[in-house]
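Everything below concerns the one structure shown next.
For the numbers below, each heavy atom of this structure counts, side chains included, while hydrogens, waters and symmetry mates do not. First the proteins, then the strands, lettered A, B, ... as listed; each starts at 1.
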There are 2 protein chains.
Amino acid sequence: MTGTRWLSADEQRSWRAYLAATKLLAAQLERELQRSKGFSHAYYDILVRLSEAPDRRLRMSDLADAADSSRSRLSHAVSRLEELGWVVRETCASDRRGAYANLTDAGFAALVDAAPSHVESVRTHLFDPLTPEDARRLGEICEKVVVALREHCPAEQPDGAQPDGARPGGTEPVPAGSAA
Amino acid sequence: MTGTRWLSADEQRSWRAYLAATKLLAAQLERELQRSKGFSHAYYDILVRLSEAPDRRLRMSDLADAADSSRSRLSHAVSRLEELGWVVRETCASDRRGAYANLTDAGFAALVDAAPSHVESVRTHLFDPLTPEDARRLGEICEKVVVALREHCPAEQPDGAQPDGARPGGTEPVPAGSAA
DNA sequence: TAAGTAATGTTCAACGCTCAACTACCAACG
DNA sequence: CGTTGGTAGTTGAGCGTTGAACATTACTTA
């Protein structure tokens, strides 16, 4: 009864490195963003998704999917962003259960303000230590993992976002669209 | 004044894939471990580190470093593990400020019980979608990132663990040492 | 030995996340 | 219509993390 497919020595080493890298990198980016701009990466991510959406607004569910977040978490987070004046909710006319989250000018400004230092953090701690080839491969590998995860749990995840893997949109820098 | 080194289109794509993959994978592993065994990956990690240590015990600080955890978080976590009967604290004779965390037989048994399904999760969601070559490269890339992060923040991190990057030890399977 | 500095570990308050209700609404079917 | 089932989003309790403050003990230097 030893059906377990244990990890090989190489796999274990990769796995440990993965665990350490992801944990340390996330903690470092969080710390730098928190110290320089006073808000979390979770907020940043929400602001980015909204900034990229048409009219800078998104249905709550779509925003949750875009940010790989649970609906509950998103609802709480949007409430806090509303208190900051960075997002406002708006009820949906066509489906009265629904709600839009709108990015305000102040929210957009906060994103514009935070982006440069955050991008610099990402570059410093992730891309600078890697060769361009490494970076490209990391992306490919992660895309494979994402595809597998999205199709592997069709009923467990917050929702079944299509396994795109190739969304355009600029992550860090502020996307197209005029400020203010 | 536009000193920001923005991400290229390729870099952005890699970065987004990285963000999605790490978030989804962590959530999936957490969910499966939680549902099948009822405890978190944070606990699992602590149990693993303790199980690998001589006499299955470690100073709190060393354990915090090994698990890439803050002292505060570790202290809380160990308290909870103590309530489960999986770890016991012991005051250190040679340094009376210090404390050891000892893995109990029950704690070791819990790890032995959880390991197979957890390893299966890791394999299913990470290694199965990848080629062996991918897995090897992922490990190399992560090791580079870890090295950079560890040397880049000598005064900010919980502690200054030496930039090893090549610790042996078996991660998932239960390491050498007799059970019970 | 006394004073100053550093390290270990715990505790507390604030905050965010999770999970399970819960409200409100839509849509289909009889 | 009225019912049933499913969807959108919110809420609240419980729990874990964070970061700072704290007590205690060790080390270093005069």
In whole Å, what is the span from the CD atom of B:E90 to the P atom of C:dT10? 13 Å
I want to check one thing: is the phosphate of D:dT10, taken as OP1 and OP2, less than 4.0 Å away from some side-chain N or O of A:R89? yes
Verify, without hydrogens or angle tests, whether B:K23 (side chain) and A:A67 (backbone) share a donor-acceptor contact under 3.5 angstrom. yes
Run A:R96 and A:T91 through side chain to side chain donor-acceptor pair (under 3.5 Å) and show every step you take. CA-CA 7 Å; A:R96 296 227 297 264; A:T91 56; over 6 Å; no
Result for 5'-nearest mapping on DNA chain D, choosing between B:A42 and B:R96, is B:A42
Send over the distance from A:L74 CG to C:dG16 P, rounded to a whole Å. 14 Å
Would the distance check show the side chain of B:R123 and the main-chain N or O of A:R5 forming a donor-acceptor pair, the cut-off being under 3.5 Å? yes
Between the side-chain atoms of B:S72 and the base atoms of D:dG19, is any donor-acceptor pair under 3.5 Å? yes
Between P of C:dT18 and CG of B:L33, the distance in whole Å: 15 Å
Does a side-chain N or O of B:R73 approach OP1 or OP2 of D:dT18 to a distance below 4.0 Å, or not? yes
Atom NE2 of A:H41 and atom P of C:dG16 are separated, to the nearest Å, by 16 Å
Please report, rounded to the nearest Å, how far the C1' atom of D:dG14 is from the CD atom of B:Q34. 13 Å
Within the modelled atom types, does a donor on one side and an acceptor on the other bring the side chain of B:R97 and the base of C:dA7 under 3.5 Å apart? yes
Atom pair distance, as rounded to whole Å: CD in A:E30 and P in D:dT17: 14 Å
So which nucleotide from C:dC17, D:dT10, C:dT8 ends up closest to the side chain of A:S75? D:dT10
Atom-pair distance (CG on B:D65; P on C:dG9), nearest Å: 10 Å
Provide, to the nearest angstrom, the distance between the CE atom belonging to A:M60 and the P atom belonging to C:dT23. 20 Å
Between the base of D:dG12 and the side chain of A:H76, is there a donor-acceptor distance below 3.5 Å? yes
Looking only at side-chain N and O atoms, does B:Y43 come under 4.0 Å of OP1 or OP2 in D:dG16? yes
Between A:R136 and B:D10 (salt bridge meaning N to carboxylate O under 4.0 Å), is one present in this structure? no
How about B:R31 and B:Q28: does a side-chain donor come under 3.5 Å of a side-chain acceptor? yes
It should be established whether A:S79 places a side-chain nitrogen or oxygen under 4.0 Å from OP1 or OP2 of nucleotide D:dT10. no
Identify, between B:S40 and B:S94, the residue whose nearest nucleotide on DNA chain D lies closer to the 5' end. B:S40
Ignoring backbone atoms, test whether B:R71 places a side-chain nitrogen or oxygen under 4.0 Å from the OP1 or OP2 oxygen of C:dT8. yes
Which nucleotide in C:dG9, D:dT25, D:dA8 has an atom nearest any side-chain atom of A:R59: D:dA8
If you measure from CG on A:N102 to CD on A:E90, what distance do you get to the nearest 0.5 Å? 4.5 Å
For a quick test of reading the model: is some side-chain N or O of B:R80 closer than 4.0 Å to OP1 or OP2 of D:dT17? yes
